[in-house]
Visitor: 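Please read through the structure below; I'll follow up with questions.
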Amino acid sequence: MSTPASTPTTPTEKQHSSFDEKAHREEIEFHEHGISDEEIAAHAPSMRGRTLTAAVAFVAGTGFTLFGYDQGVMSALLTANQFEATFPEVIVEASHPNHATLQSFIIAIYEVGCLFGALSNLWVGDKLGRRRTIAFGGGIMVIGAILQTTSYSYAQLVFARIFTGFGNGLITSTVPTYHAEMSPAAKRGRMIMIEGTLIVLGVTIAYVHFALYFVTWSSAQWRVPLALQLIFELIMVVCIGFLPESPRWLVKHGHHAEALAVISAMEDKPPSDAEVQRTYYGIREAVAVEFPGTSGSDKASLRELLTGGRSQNFRRTVIAVVCQMMQQLTGINLVTYYATILFQRLGMSDVNARIVAACNGTEYFLASFIAYALIDRVGRRILMLIGTIGQCIVMLLLAVLGSIDNGPAQVVSVILLFGFNTFFAIGWLGMAWLYCAELSGLRTRAPTNALSTASNWTFNFVVVMVTGPSFNNISWRTYIVFAALNAAIVPVVYFFFPETGGRSLEDLDVVFALAYNEGLDPVKVSLRKDVPLAGSREADEILGVDPGVRYAARKGTPTSTPTGEQA
């Protein structure tokens, strides 16, 4: 650690040194600009530091555990005898070939609800704020879970799954944004990758149905597993009430004292600390630039997502939408939703297929910790590329072994399905949610995440809907389709996905603006080490911040340039 007398030697050190001197001057002026200690103290969260970080991670993780549980729970219920007795439409047999489509539909229709929930975030996300949107979505899911559990007809279950999905769409398009905005840059990757790990934990917990599989005389065989999701939903809805709102949303809506109190609590440092001020002023300047002449309370229009310039909104939105699309086109839900059926196709008995599916989910959960350990060390791009290449190879091998279709080939195929989950856990499980939450600017973050999450659910629906009929019609050749899709993903990531690791959310605005100003590829700029830090004078020049706007962000005055004064 350098002392005050040391001389910075690297560009990053010089940036920090310059900003520390500036922050020290601002600390002297801190109480002159309208925010008193009393106001900040009045909004201080009840938790601070690691406790607050852990609490945010717990609530965000609960939301994604619920997401995973909902994905995994239907996998084995489809072939449970009491489920088939209540919903005979899901029984696939020669006399009813259309039931393969109805079986896929009862799973995939959930994604339609999620799609509409994610799209609704375009209008309600910024208006309600991150916390209230999560609570609202959780409340909808509570009602939906009750409707699913009490279903007595195929139509009722379809409606209940759409309704539940709507709430989940709101949650999944909000939780990553909230978690990213509440996490420091150095730990943001690991914090949000926990969400991916907990998706798999949810899938693994869903195999609790195996304990009820032998309850062949009662509908509790499938009603209890569906009802258990209420535990996660109630925990999330109750606990989110004890957490603070995102400081980015608070500054955007003019709640500066509360935002400063939250940043202070996140950093576990006093409000006058240089690091706290650096974060606070970086957010204020981002708001001043993106919402000139306003408090930041107006929301971005969909038309703004199509703009270029320094903000590069269109490029960032397209990358986010494509990222979530590609996560689904890898073929992961072919394994997640149809695990039990896939293992039955490989010659296993009903009971053994369920046991191996549960083991598959457990291994999937353990493999997700690999990405957690590596994400902030090696970055996002490398893990995505490793995961995709591995998935492509596995799908090709599954196709080859499927064409052979003898005993040894079936055993190896089972092992390869475990391998596919491992590669997906490394490259894509939590990555798509993290990457899209990081990528967009403050003004367009909510609508961009709404659209990218909608993309995820759209292609989730497509994959789940076609998988059943595809295996019935082209059998093992289905794996070739997904191998080709994974092969196509590799160059897209390599040439078009910038690296987002190791930078604050505001630093990424500087990356895209610098690429635009110099006519460079944002991917190459993102890999550079000399990009100025957000909030520095150099970064403001790259972003094209007018001195008056900078002055306003620092002083809290209207955005007009003071005569003869430079911020």
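Hydrogens, waters and symmetry mates are skipped; everything else that's a heavy atom, side chains included, is used.
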Visitor: Hey, does Ser264 have a side-chain heavy atom less than 4.5 Å from the side chain of Ile40?
Guide: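 Ile40 vs Ser264: side chains apart.
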Visitor: Using the side-chain contact (heavy atoms from CB on, under 4.5 Å) rule, take Tyr178 and Val59 through it: C-alpha gap first, then chi angles, then the decisive distance, then the call.
Guide: CA-CA 10 Å; Tyr178 177 67; Val59 173; 5.8 Å; no
Visitor: Rounded to the nearest 0.5 Å, how far does OG1 of Thr172 lie from CZ of Phe67?
Guide: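 Those atoms lie 6.0 Å apart.
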Visitor: If every non-hydrogen atom of Ala118 is compared with every non-hydrogen atom of Trp457, which pair is closest and at what distance?
Guide: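 In terms of heavy atoms, the two residues are closest at CB-CD1, 4.4 Å.
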Visitor: How close do Val237 and Gly139 get, counting heavy atoms only, and between which atoms?
Guide: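 Heavy atoms of Val237 and Gly139 come nearest at CG2-N, 3.8 Å.
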Visitor: Are His255 and Glu245 close enough that some pair of their side-chain heavy atoms sits under 4.5 Å apart?
Guide: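 No. Closest side-chain heavy atoms not under 4.5 Å.
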Visitor: Run the numbers on Asp70 and Asn168 for side chain to side chain donor-acceptor pair (under 3.5 Å), then give the verdict.
Guide: CA-CA 9 Å; Asp70 275 353; Asn168 196 35; 5.0 Å; no
Visitor: With a 3.5 Å distance limit and no angle check, can you tell me whether Glu275 reaches the backbone of Glu267 through a side-chain donor-acceptor pair?
Guide: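 Looks like no, no N/O pair under 3.5 Å.
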Visitor: Identify whether the distance between the nearest side-chain nitrogen and carboxylate oxygen of Asp509 and Arg316 falls below 4.0 Å.
Guide: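 Yes.
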Visitor: List in chain and number order the residues that pass side-chain contact (heavy atoms from CB on, under 4.5 Å) with Ile319, two or more places apart in sequence or in another chain; answer none if no residue qualifies.
Guide: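 Ile319 satisfies side-chain contact (heavy atoms from CB on, under 4.5 Å) with Arg315, Tyr435, Leu439, Phe497, Pro498 only.
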Visitor: Work out which heavy atom in Arg445 is nearest to a heavy atom in Glu181; give both atom names and the distance.
Guide: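 Scanning both residues, the minimum pair turns out to be NH1-OE2, 2.8 Å.
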Visitor: With side-chain contact (heavy atoms from CB on, under 4.5 Å) as the test, would you mind laying out the steps for Ile143 and Phe163 before giving the verdict?
Guide: CA-CA 8 Å; Ile143 298 172; Phe163 193 83; 3.6 Å; yes
Visitor: Test your reading of the model: is there a side-chain donor-acceptor pair from Thr362 to the backbone of Ala358, 3.5 Å cut-off?
Guide: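 Present.
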Visitor: So, do Asp268 and Met47 sit near enough that their side-chain heavy atoms are less than 4.5 Å apart?
Guide: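 No, too far: nothing below the 4.5 Å cut-off.
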Visitor: Minimum heavy-atom separation for Ala437 to Pro176, with atom names?
Guide: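 In this case the closest contact between Ala437 and Pro176 is CB-O, 3.6 Å.
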Visitor: Report the C-alpha distance between Gln148 and Thr164 in whole Å, list the side-chain angles of each, state the deciding distance to 0.1 Å, and finish with yes or no for side chain to side chain donor-acceptor pair (under 3.5 Å).
Guide: CA-CA 8 Å; Gln148 285 189 72; Thr164 310; 3.0 Å; yes
Visitor: So, taking the atom named CG in Leu243 and the one named CZ in Phe58, what distance separates them when rounded to the nearest 0.5 Å?
Guide: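 Between Leu243 CG and Phe58 CZ, I get 10.0 Å after rounding to 0.5 Å.
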Visitor: Just verifying a value: how many Å separate Ile171 CD1 and Phe166 CZ, rounded to the nearest 0.5 Å?
Guide: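 One finds 11.0 Å between CD1 of Ile171 and CZ of Phe166.
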Visitor: Which heavy atom in Leu198 sits nearest to a heavy atom in Gly61, and how many Å separate them?
Guide: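 Closest approach of Leu198 to Gly61: CD1-CA, 3.1 Å.
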Visitor: Does the side chain of Asp507 come within less than 4.5 Å of Leu533's, by heavy atoms?
Guide: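 In contact.
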Visitor: Mind telling me whether Tyr372 and Phe369 have parallel, tilted or perpendicular rings, with 30° and 60° as the class edges?
Guide: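 Judged by the thresholds at 30° and 60°, the geometry between Phe369 and Tyr372 is perpendicular.
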Visitor: Do Ser526 and Phe512 have side chains that approach each other closer than 4.5 Å (heavy atoms only, starting at C-beta)?
Guide: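 Contact flag for Ser526/Phe512 side chains = no.
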Visitor: Are any of the side-chain heavy atoms of Thr65 and Ile199 separated by less than 4.5 Å?
Guide: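 Side-chain contact under 4.5 Å: no.
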Visitor: Are the side chain of Glu499 and the backbone N or O of Arg381 linked by a donor-acceptor pair below 3.5 Å?
Guide: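 Side chain of Glu499 to backbone of Arg381, a donor-acceptor pair under 3.5 Å: yes, one is there.
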Visitor: How far apart are the C-alpha atoms of Leu514 and Leu543, what are their side-chain angles, what is the distance that settles it, and do they pass the side-chain contact (heavy atoms from CB on, under 4.5 Å) test?
Guide: CA-CA 8 Å; Leu514 181 60; Leu543 292 167; over 6 Å; no
Visitor: Could you check whether Asn421 and Glu363, counting side-chain N and O atoms only, form a donor-acceptor pair closer than 3.5 Å?
Guide: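 No - no donor-acceptor pair under 3.5 Å links their side chains.
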Visitor: Roughly how far, to the nearest 0.5 Å, is CG of Leu451 from CD of Gln324?
Guide: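 Output value for this atom pair is 11.5 Å.
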Visitor: Do Val276 and Tyr281 have side chains that get closer than 4.5 Å, going by heavy atoms?
Guide: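 SC-SC contact between Val276 and Tyr281 ruled out.
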Visitor: Side chain of Arg223, backbone of Thr149: donor and acceptor closer than 3.5 Å?
Guide: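 Pair found, side chain donor or acceptor close to backbone of Thr149.
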Visitor: Just by distance, do the side chain of Gln229 and the backbone of Tyr69 share a donor-acceptor pair under 3.5 Å?
Guide: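 Checked: no pair found.
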Visitor: Any side-chain heavy-atom pair from Ile375 and Leu434 closer than 4.5 angstrom?
Guide: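 In contact.
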Visitor: Can you confirm whether the side chains of Asn449 and Asn121 place a donor and an acceptor under 3.5 Å from each other?
Guide: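 There is no such pair between these side chains.
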Visitor: Is a donor on one side and an acceptor on the other found under 3.5 Å between the side chain of Arg284 and the backbone of Tyr280?
Guide: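 Absent.
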Visitor: Please check: side-chain N/O of Ser452 versus main-chain N/O of Ala320, any donor-acceptor pairing under 3.5 Å?
Guide: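 Not a single qualifying donor-acceptor pair exists.
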Visitor: Grab the two heavy atoms, one from Ala371 and one from Ala425, that are nearest each other, plus how far apart they are.
Guide: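 Ala371 and Ala425 have their closest heavy atoms at CB-O, 3.5 Å.
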Visitor: For Thr500 and Glu438, does a side-chain donor sit closer than 3.5 Å to a side-chain acceptor?
Guide: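 Their side chains do contain a donor-acceptor pair, which is all the 3.5 Å distance test asks for.
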Visitor: Start with the C-alpha gap between Ser173 and Thr453, add the side-chain angles, then the distance that decides, and say whether side chain to side chain donor-acceptor pair (under 3.5 Å) holds.
Guide: CA-CA 5 Å; Ser173 59; Thr453 306; 4.8 Å; no
Visitor: What distance do Ile235 atom CD1 and Glu233 atom CD have between them, rounded to the nearest 0.5 Å?
Guide: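 So the CD1 of Ile235 and the CD of Glu233 are separated by 10.5 Å.
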Visitor: Under 3.5 Å, side chain of Asp376 to main-chain N/O of Arg190, donor-acceptor pair present?
Guide: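 Such a contact is found between Asp376 side chain and Arg190 backbone.
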Visitor: For Leu66 and Met236: C-alpha separation, side-chain torsions, deciding distance, then whether side-chain contact (heavy atoms from CB on, under 4.5 Å) applies.
Guide: CA-CA 9 Å; Leu66 173 62; Met236 181 178 60; 4.2 Å; yes
Visitor: If I take atom NE2 from residue His179 and atom CZ from residue Phe64, how far apart are they, to the nearest 0.5 angstrom?
Guide: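 Here the interatomic distance stands at 10.5 Å.
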